[in-house]
Structures are given as structure tokens and as C-alpha cells.
Protein chains: 2
Amino acid sequence: MLISQTAEYALRAIVSLAERHGQSVVTQDLARRTRIPAGYLSKILQTLRRAGLVHSQRGLRGGFVLQRAPDKISVLEVIDAIEPIRRMTRCPLDLPEHASGLCPLHRRLDEAIGQVRNTFASFSIADLLDESRRGVSRGLCDTVAAPAR
Amino acid sequence: MLISQTAEYALRAIVSLAERHGQSVVTQDLARRTRIPAGYLSKILQTLRRAGLVHSQRGLRGGFVLQRAPDKISVLEVIDAIEPIRRMTRCPLDLPEHASGLCPLHRRLDEAIGQVRNTFASFSIADLLDESRRGVSRGLCDTVAAPAR
DNA sequence: AGACAATCGGACATGATCATGATATTTTCT
DNA sequence: AGAAAATATCATGATCATGTCCGATTGTCT
């Protein structure tokens, strides 16, 4: 599916946080809106925190907030925080002969990787939200799903 | 890594078969040249056979051959035979409200998927070989690795 | 200040899928 | 018949997606 389930979850979570940027959002609430299993989402949020994308606050009135404004976070950053889409620096069949340069096959694959990296780097979380404000649909599939509690 | 290990193996195998198109190549030989664990390669070849990309022949003088000419097989076909990169037809958070149309996030992801599908569909196995004949490097990283046996 | 409750943060456990190995079984050429 | 192959089956360790628990913080209320 191009990106892993986990990376897709991470994007959902970040988008949902961006929709309420500034407010502190609790894991349970996020889980409900994004339809991500709460226990798993918790782990994903930890990863995003370590990557410096979100800030967490414990205790009462705690929760998560984005570290940066939605227009300062690219989709690529979120994906890379979870499962880096690495470029191919060297050929998987590592033969001594070609330490320089990849073979045609892997050169093509690397180009494709570079292409999707560029695509994902080219738009931000905010881009995913702006559209929503222009009518049609909300950031996360019109997900309003049972207001918190 | 964009495509799975298995899909990458499948590409290596197909490229290696293409390099000797017409000849019947044995699994062990393929495994040596492509550096793919023989037991696993065997399973991949089964999948490729069921997908109609290669033809197999049992018994003495048996082995595998491409079903079609290298220029008639796209990289995408090989990948799809192993692990289909599906378009997103519907939003993963399947809420009734939006049976039509994806939300911005998933629309973008779907576009990215479409993009890589197009990229991979746009060139053939032969394209990976032609370059090799023009000097520089061979189809599979100059892999000549210990001639059969 | 102290108790309490809401939250995150980590540790451990599990089923599924992936990548792989080992082995037996069938087919087919010579 | 015998050997060389593919094909099929079973087993394993690693990683992924997930669940469960408990411990560590921290705001709020007496």
C-alpha cells in the first residue's frame, strides 16, 4: 500500500491534531476520531514525540499538541518519523565490483523512491486541511464521530 | 522501501531471466546470480508462474523461461504479481457519510500511489537491459558471480 | 499539603504476515 | 531405471499490528 499501516495511522493522527491545532488532545479522543486502536495509537504518538513532531503533556488536562504549525510539517516528515523511505545508496546485491553506481534495476527503483519522497515533501499537513475549509469534505473524511464522551 | 523485499527479489529474478531470454534457467543458477536464498526464490517463481509471467519445465533440462519478451513485461506487472500496489478506492476509516469521494489525506495518498504505478508501468524489463548493452553496467550490477556450478 | 483522578509512558504478550530453511513428492529427460 | 528438476509441505525467527497493565506525572479539589 506504498506506506505502512502505521505510517498511515500517524498521518491520520497528525491531521486530526492539526484540525484542532493549539488545543491539547487526549489519546482516547484521537483514537475515536481517527478510528485507530487506542493502545496502538499510543505507541505511534510516542514515536512522533521522539521525532519532535508532537509535544506531550501528562496528567490532568494533558494530551498532545503539534510542535509546529500544520503548514510547517510536511507529509514526508511524518512518514519518515515512522518508517523512513530510504533512498538506495548501494545495490542490494552488494558485489565489490560496483561500489560506485547502481545497476539499471536499482537505479530505477531509487528514482521511483526519490519521486515519491519529493511528492510527499511537496505538501504539508496544512494542505490537507485547506481543502476541507473550501467545502467538499473535511480533513479526515468528515469524521466527527461521537463528540468526546 | 517502497516495494517489499519479495517484490524486489521478483524483479531481480525476472531481469536475470531476461538477460538470458530463450534459455531455460534453473532455480539454483538464478539464486546464485541474483543472490536470492534459493528456497525462497523457488516460492517467488511459483507466484510468477501462476501470474503467467514465467513458464516452468520440470525434470532434466527443465527450469524457467519468460512467457513474454522482456519488452512486453512492465516492471509494474512483476510487482503486482507479488504484492499488488492497490489504489485507494475508499477511505480506510469507512464511515457511511463519504461512500463517494476520499478525504484530502487519502486522496493525496491515492494520487501518490497512482503516480508510482504510472512510473512502474512506463518502463519494461527490456528497458533495464538496454542500458546494460550500452556499456556502463549490466542489468544486474555486473553480476556474473561464479558461472553455473 | 495531601488525596484523587486523569494522562502519558513503558513493559510484556499475542496473532498475523514476511522472509527463510529443510524436506519430501512429483514430473520429465536421457 | 535413474537423475535432475520443479512443486508442495512443514517449520522457524523476525517484524508488524494489536491488546493489557501498571507505573510515573501532574492538574484540581478539598
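Per chain, numbering begins at 1; letters A, B, ... match sequence-line order. This is a predicted model, so every value here is computed, not measured.
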*For B/Ser56 and D/dT7, is the shortest distance between a side-chain N/O and OP1 or OP2 below 4.0 Å?*
yes
*Take atom CD1 of A/Ile44 and atom P of D/dT15, then tell me their distance rounded to the nearest Å.*
18 Å
*Would you mind checking if A/Asp110 and A/Arg117 are paired as a salt bridge, meaning a charged N to carboxylate O distance below 4.0 Å?*
no
_Rounded distance (Å) that lies between atom P of C/dT7 and atom CG of A/Leu60_ = 6 Å
*Begin from the C-alpha positions of B/Ser24 and B/Gln57 and carry the test side chain to side chain donor-acceptor pair (under 3.5 Å) through to its verdict.*
CA-CA 8 Å; B/Ser24 189; B/Gln57 179 70 35; over 6 Å; no
*Side-chain N,O (B/Thr27) to OP1/OP2 (D/dA6) below 4.0 Å*: yes
*Name the residue closer to the 5' end of DNA chain D, choosing between A/Ile36 and B/Leu45 according to the nucleotide with the nearest heavy atom.*
B/Leu45
*Please state how far atom NE2 in A/His55 lies from atom P in C/dC8, giving the value in whole angstrom units.*
12 Å
*What is the distance from CZ of A/Arg58 to P of C/dC4, rounded to the nearest Å?*
21 Å
_Looking at A/Arg61, I'd like to know if its CZ atom is crowded, meaning that more than 12 non-hydrogen atoms belonging to other residues, nucleotides or ligands lie closer than 6.0 Å._
no
*Under 4.0 Å between a side-chain N/O of A/Gln5 and OP1 or OP2 of D/dA17, yes or no?*
no
*If you measure from the Lys or Arg side-chain nitrogens to the Asp or Glu carboxylate oxygens, is any gap between A/Glu111 and A/Arg107 under 4.0 Å?*
no
*the helix from C/dA1-D/dT30 to C/dT30-D/dA1: angle between its terminal axes, five pairs each, to 10°?*
0°
*How many Å lie between CG on A/Leu41 and C1' on C/dT7, as a whole number?*
13 Å
*Respond yes when some side-chain nitrogen or oxygen of A/Tyr9 is under 4.0 Å from OP1 or OP2 of D/dT18, and no when none is.*
yes
*asked:* Nearest whole Å is fine: how far is C/dC18 P from B/Glu8 CD?
replied: 17 Å
_When you compare the side chains of A/Gln115 and B/Thr119, does any donor N or O come within less than 3.5 Å of an acceptor on the partner?_
yes
*When clusters are formed by joining ILVMFWY residues with side-chain heavy atoms under 4.5 Å apart, either directly or through shared neighbours, do B/Phe123 and A/Leu109 land in the same one?*
yes
*Of B/Arg61 and A/Ala38, whose nearest nucleotide on DNA chain D comes first from the 5' end?*
B/Arg61
*asked:* If the threshold is 4.0 Å, N to carboxylate O, is there a salt bridge linking B/Arg68 and B/Glu77?
replied: yes
*Does OP1 or OP2 of D/dA6 have a side-chain N or O of B/Gln28 closer than 4.0 Å?*
no
*Is B/Val116 reachable from A/Ile85 through a run of I, L, V, M, F, W or Y residues, each pair having side-chain heavy atoms under 4.5 Å apart?*
yes
*Nucleotide C/dT17, atom C1' - distance to NZ of B/Lys43 in whole Å*: 15 Å
*B/Arg49 side-chain N/O to D/dT7 phosphate OP1/OP2 under 4.0 Å*: yes
*Please tell me which of the listed nucleotides, D/dA8, D/dA17, C/dC8, lies nearest to the side chain of B/Arg50?*
D/dA8
*In whole angstrom, give the distance that lies between atom CD of B/Gln46 and atom C1' of D/dA6.*
7 Å
*Side-chain N or O of B/Gln57 less than 4.0 angstrom from OP1 or OP2 on D/dA4?*
no
